[in-house]
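Let me begin by presenting the structure, written as structure tokens, before commenting on it.
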2 protein chains.
Amino acid sequence: MHFNKGEIVINTLRSVTIKDVAAAAQVSIATVSRVINHTGTVKPELADRVQQAIQELNYSPNSVARSLKTASTSTIAFLVSNISDPFFTTIGRGIEDYIKDFGYNLIVCSIDSSKEKELSYLQMLKEKMVDGIILNTTGFNDEAICELSHQLPIVLSNRRINASVFNGDFVDNDNTSGIYQLTQHLIHLGHRKIGFINGPMHLSTAAERHKGFCDAMKSIGITIDDSYPYAYYGNFSAQSGYDGAKKLMKAEDRPTALVLMNSELALGALRYFAESNIQIPEDLSIVSFGDIHNRELLYVTPTVASTNLMGIGYKMGELLLDRINRKNEIANREVCFVTQISYGNSTKEIPAE
Amino acid sequence: MHFNKGEIVINTLRSVTIKDVAAAAQVSIATVSRVINHTGTVKPELADRVQQAIQELNYSPNSVARSLKTASTSTIAFLVSNISDPFFTTIGRGIEDYIKDFGYNLIVCSIDSSKEKELSYLQMLKEKMVDGIILNTTGFNDEAICELSHQLPIVLSNRRINASVFNGDFVDNDNTSGIYQLTQHLIHLGHRKIGFINGPMHLSTAAERHKGFCDAMKSIGITIDDSYPYAYYGNFSAQSGYDGAKKLMKAEDRPTALVLMNSELALGALRYFAESNIQIPEDLSIVSFGDIHNRELLYVTPTVASTNLMGIGYKMGELLLDRINRKNEIANREVCFVTQISYGNSTKEIPAE
DNA sequence: GCGAGATAAGTAAACGATTCCACAAAACGA
DNA sequence: TCGTTTTGTGGAATCGTTTACTTATCTCGC
């Protein structure tokens, strides 16, 4: 508070406003506003006086007041199932990197795959007047999201919405092709009894990856239906990976290879294999979708379809800001990121039976 | 928009305000506000009318306007070096879990150990009127943070500030004791040539862990000074871990054990050992500070001082909200979380030389 | 029955910016 | 020289709330 030398500062708590600056520079608040925002015209001489007053008073504009008037907060929200999941935080980092250059901030919310949490966060964020939302939805609130999408720019992250009236963009990996390639890899190694562990089929990611698997199996004449013996559906968590691996490997008729439909499932499965002394790839070949943190340092390096998460985040930030600038009045867009197979040592050729 | 059956909606963009509710319920806006906030007294009959109007109009209050008036946004910020680092996101999850029950949101910002980024984020957040900040500081802006701490509640996460005029709380692991115990463990196994890889010493975490190491070594009569041959200082990144391990292991006089001062350093070092075929623990024993994601799935399970990150986050949320409620007018507090040694298979007894 | 105190509701002033509008002064073209 | 446009500035409304203040009504003890 060195700017008040010799005077007693009456009220340090009250922060300096545009009024104080106007008074100090002996101009109107309108002029101060014009100087700050570089709008309208103002004489250089006055502008200097204002700038000087701003310096001396250490003034910075109040974003909240500005937001109220301009109806925009320069804040966007990122809703994910769990902010401590590296998958999402890497995407989040990509988003943040992109938007920060435009003066935007990121609010991050964990909705824990809970229908209620998702709804209540959406409500709260609408009240807070965030400028847009990037949403990895639970899949349980499609109607509400569709309605919201007409009031607020929304970009869907990785999970599509099953409704035609949705107004927004969608970014995802090429799930079908990624899993197709992984499965083909196993097929080429001679595997036929190929199991899979997937998440809930109402999520587009699960459904699309399932399709990739079916397509590949179809190419060798195997049709996947409800009676397919080597299938397990969980919820994209490590626990499901563990449980699924256990169930499939305890069955009389074991698969010789396993497709894990996301990295959490893979980690859970690896835990089970370690505990139960199942050797990878000697006893079982595995592949999985999505990058794994420090994958090369694991006791076995899984072959994966690797994804460009930072890139996805960056792209989603780009789409959302564009949508914000264009007042949400554009046609839906979809961006699909191709995956790249990254080979580890988790698969092995099998002699044809 | 089903609430306007049969009528033409003139302006869907303009959202419904407290005025509309007041008009619909035929009361004043003051009464509506009283109903919403449960303040003052209002006849049940009127309250009902208001509630009904709120329902029918699908009204939700505008947080920005409320924030302007009440000078609080129910938002707190979490500033970390990198939001994609699991260490921080786990803490973040703890914070979020605590604060969400009180209607608070979390803004997450990556400052990348950059002095400028930290400063500009702090400025931006002040303008946005966040109610408080949880800060894992770069260590380069102590004065600015001290000044800010008198205007805005601040809780420091894991990195202390070297200034007496700081006004806020501090939460950390017991760095000194954690490293002391880890080092003692190596000593008990017979190691004497114990190297370490640390972060920059201007960070309190680095300094405190260094002290733990020195204390332990002192107990066997070894004093650590600048000439200690088995030392490497980097920046708490995996790259530093890799580089440090390389340098120490390429020297003529190798250490027989290594203390890694955080988990990133440990992962980087593990990568080097894997590449250069150094067997752990046969060729080298290692220990490290802090949990490692999926530690048991690594090719070697490091012995670590494990930390309760969720708990730390939760505690920081608690301290910050308390500080907010008490208008930042309380004495500084410090909370220290004890660590727990979690044994892996990365250490081995050495025959006394 | 009447004044004091409680209760209930409304009016209007904030909060701190942006921006429309009015208007004065300067610049300009004929 | 006199309109007409351009430029620069200030006044005041506005954004959507909360809340201090006011006023009207009601309750109640004496």
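The sequence lines fix the lettering, A, B, ..., with proteins before strands; numbering per chain opens at 1.
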Handout entry: Nucleotide nearest B/Leu68 when distance is taken to its side chain, options C/dC15, C/dA12, C/dA17
Key = C/dC15
Problem - Between C/dG10 (P) and B/Leu46 (CG): distance, integer Å - result: 7 Å
Problem - Full working for side chain to side chain contact (heavy atoms under 4.5 Å, CB included) between A/Val108 and A/Phe88 - result: CA-CA 10 Å; A/Val108 180; A/Phe88 294 121; over 6 Å; no
Problem - Ring-ring centroid check B/Tyr98 B/Phe102, cutoff 6.0 Å - result: yes
Completion exercise
From CG of A/Asn62 across to P of C/dT18 the rounded distance in Å is 10 Å
Exercise for the section: Would you kindly compare A/Thr70 and B/Gln26 by the position of their nearest DNA chain C nucleotide and give the one closer to the 5′ end? Expected result: B/Gln26
Practice task
Could you state the atom-to-atom distance from CD1 of B/Ile18 to P of C/dT11 in whole Å?
Solution key: 14 Å
Handout entry: Separation of C/dT18 P from A/His38 NE2 (nearest whole Å)
Key = 12 Å
Exercise for the section: Ignoring backbone atoms, establish whether B/Ser33 has a side-chain N or O less than 4.0 Å from OP1 or OP2 of D/dT18. Expected result: yes
Practice task
Give the rounded distance in Å between these two atoms: NZ of A/Lys69 and P of D/dA12.
Solution key: 16 Å
Practice task
Give the rounded distance in Å between these two atoms: CZ of B/Arg34 and C1' of D/dT19.
Solution key: 9 Å
Exercise for the section: Verify the contact: side-chain N or O of B/Thr31 to OP1 or OP2 of C/dA9, cut-off strictly under 4.0 Å; return yes or no. Expected result: no
Handout entry: Proximal nucleotide (of D/dG10, C/dT18, C/dA9) relative to the A/Arg66 side chain
Key = C/dT18
Problem - side-chain N/O A/Thr41 vs D/dT7 OP1/OP2, d < 4.0 Å - result: no
Problem - Under-4.0 Å side-chain N/O to phosphate OP1/OP2 contact, B/Thr17 with D/dG16 - result: no
Problem - Test item: side-chain donor near acceptor, A/Gln123 and A/Glu127, under 3.5 Å - result: yes
Handout entry: Pairwise distance CG(A/Leu321) to CG(A/Asp101) - rounded to 0.5 angstrom
Key = 10.0 Å
Exercise for the section: Provide, to the nearest angstrom, the distance between the NZ atom belonging to A/Lys19 and the C1' atom belonging to D/dG10. Expected result: 15 Å
Practice task
Would you indicate what B/Val27 reaches in the nucleic acid, counting non-hydrogen atoms under 4.0 angstrom: base, sugar-phosphate, or nothing?
Solution key: sugar-phosphate
Practice task
Using distance alone, with no hydrogens and no angle criterion, decide if A/Ser74 and B/Lys128 have a side-chain donor and acceptor under 3.5 Å apart.
Solution key: no
Fill in the blank from the handout: In whole angstroms, the gap separating C1' of C/dT7 from NZ of B/Lys43 amounts to 10 Å
